[in-house]
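A short worksheet on the structure shown next.
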2 protein chains.
Amino acid sequence: MTQPRWLDQTEMAAWRAFLTTSHLLERRIEEQLKASAGLTHPQYEILVRLAGATGRRLRMTELAKGVVASKSALTYQVGRLEEVGLVERTTCPSDDRGVLAVLTPAGARLLEKVAPGHLEIVREYLIDRLSREELRAMTSAMRKTEEALRSG
Amino acid sequence: MTQPRWLDQTEMAAWRAFLTTSHLLERRIEEQLKASAGLTHPQYEILVRLAGATGRRLRMTELAKGVVASKSALTYQVGRLEEVGLVERTTCPSDDRGVLAVLTPAGARLLEKVAPGHLEIVREYLIDRLSREELRAMTSAMRKTEEALRSG
DNA sequence: GAGTTGCCGTTCAAATCTGAACAACCATCG
DNA sequence: CGATGGTTGTTCAGATTTGAACGGCAACTC
């Protein structure tokens, strides 16, 4: 442990901008999804992950890691999605402890319907405002942090 | 309304990296603050904003905008902080509707104690991993998005 | 100065998240 | 086989967030 190292003005500005913007964007996305499909952002992300998985199914634990949610939060949200027929649960054939969340055809249809409006928000407020250079730098930066956090 | 514009591979990678990383980092920060001071991240941010305000006090609405929280969430969290003596409430002298949240000396002391450990996390996982160029680009990018979201 | 409109912060019920505890299962080793 | 330790997903209670509704006050108009 060395001396406490504060952030200089530039670093603090960077951190504050990141923190504030991620929260604001999260809010905007939540609002759009709720209005257009009655989905929360976590629910939407679950559908996206399942749609991208082979067989449109994933183990609960994998899914939780993918969407960055706690196990119990995922159990809860998959329960909601199952109630409305967007996802089904199957016991994992290779591991009786396991549960597979499976995207239903209705889930896939809803996702196709909702995705454009969602991505339009992502474009409008983030992607389309960034230069190629900024996009590249941000991706690089985020990946470094992600990698570090996934390891620890 | 034009055609739906999907994100190309580079754009989607950028968005996914941002989304995932912000959630992972949020989790790590929450964990650190809880362990080191029993504070949640929203609570910590409230203390930070108050500490930086003139007179160490802010109107509830300003504070809510600053920390990007809903009015009711802020009411709740300020209530928690008041219970443990880190913040006090005062009625606003210039506007009887208003409430001023004021950082107490105990709140200031706790913040000084906790900030280094918190900032160490921010450094370790984000700031220290970024080149000066990445830091600059990320700040610029985040500010553009923040500005757009604050206007709408 | 009465009326109207809008802002301020709180309250409330409902939804969601958290973390610990738990039961069931897997894997390894002796 | 039997014991041990680790994993899996769920459950539960408690904490937090959300959004709408509300009462109180301010600001502006006529």
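To find a chain, count down the sequence lines: A is the first, B the second, and so on, and within it residues start at 1. As the structure is a computational prediction, the values presented were derived from the model and not from experiment.
Nearer the 5' end of DNA chain D, as judged by each residue's closest nucleotide, is the contact made by A:Met60, out of B:Asp96 and A:Met60. Toward the 5′ end of DNA chain C lies the nearest nucleotide of B:Thr75, the other residue of the pair A:Ser94 and B:Thr75 mapping further downstream.
Under the side chain to side chain contact (heavy atoms under 4.5 Å, CB included) criterion, B:Arg132 pairs with A:Asp8, A:Thr10, A:Glu11, B:Leu135, sequence neighbours left out. Listed by chain and number, the residues in a side chain to side chain contact (heavy atoms under 4.5 Å, CB included) with A:His118 are A:Ile29, A:Gln32, A:Leu33, A:His41, A:Tyr44, A:Val122, B:Trp15 (sequence neighbours excluded). For A:Asp128, the side chain to side chain contact (heavy atoms under 4.5 Å, CB included) partners are A:Arg123, B:Arg5, not counting sequence neighbours. Taking B:Ala13 as the reference, A:Arg143 meet the side chain to side chain contact (heavy atoms under 4.5 Å, CB included) condition, with sequence neighbours excluded.
Between B:Arg89 and C:dT10 there is a side-chain polar atom (N or O) within less than 4.0 angstrom of OP1 or OP2.
Rounded to whole Å, the distance from CD on A:Glu26 to P on D:dT17 is 14 Å. Computed from coordinates, the B:Leu39 CG to D:dT16 P distance equals 11 Å when rounded to whole Å. In this entry the distance linking NE2 of A:His23 with P of D:dT17 reads 11 Å, nearest Å.
Under 3.5 Å, the side chains of A:His23 and B:Glu146 contain no donor-acceptor pair of N or O atoms.
Taken residue by residue, residues 45-58 of chain B places no heavy atom nearer than 4.0 Å to DNA chain D.
Note on residues 40-51 of chain A: pairs passing salt bridge (Lys or Arg N to Asp or Glu O under 4.0 Å), not counting sequence neighbours, are A:Glu45-B:Arg16. Within the structure, salt bridge (Lys or Arg N to Asp or Glu O under 4.0 Å) pairs that include any residue of residues 50-67 of chain A comprise A:Arg59-A:Asp95 (at least two apart or interchain).
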Counting primed atoms, P, OP1 and OP2 as sugar-phosphate and everything else as base, the B/S/- map of nucleotides 12-24 of chain C against protein heavy atoms under 4.0 Å is ---SBSBB-----

Extract all donor-acceptor atom pairs below 3.5 Å that involve side chains of residues 87-94 of chain B and protein atoms in other chains or at least two apart in sequence.
from    : atom 1 : to      : atom 2 : distance (Å)
B:Arg89 : NE     : B:Glu82 : OE1    : 3.0

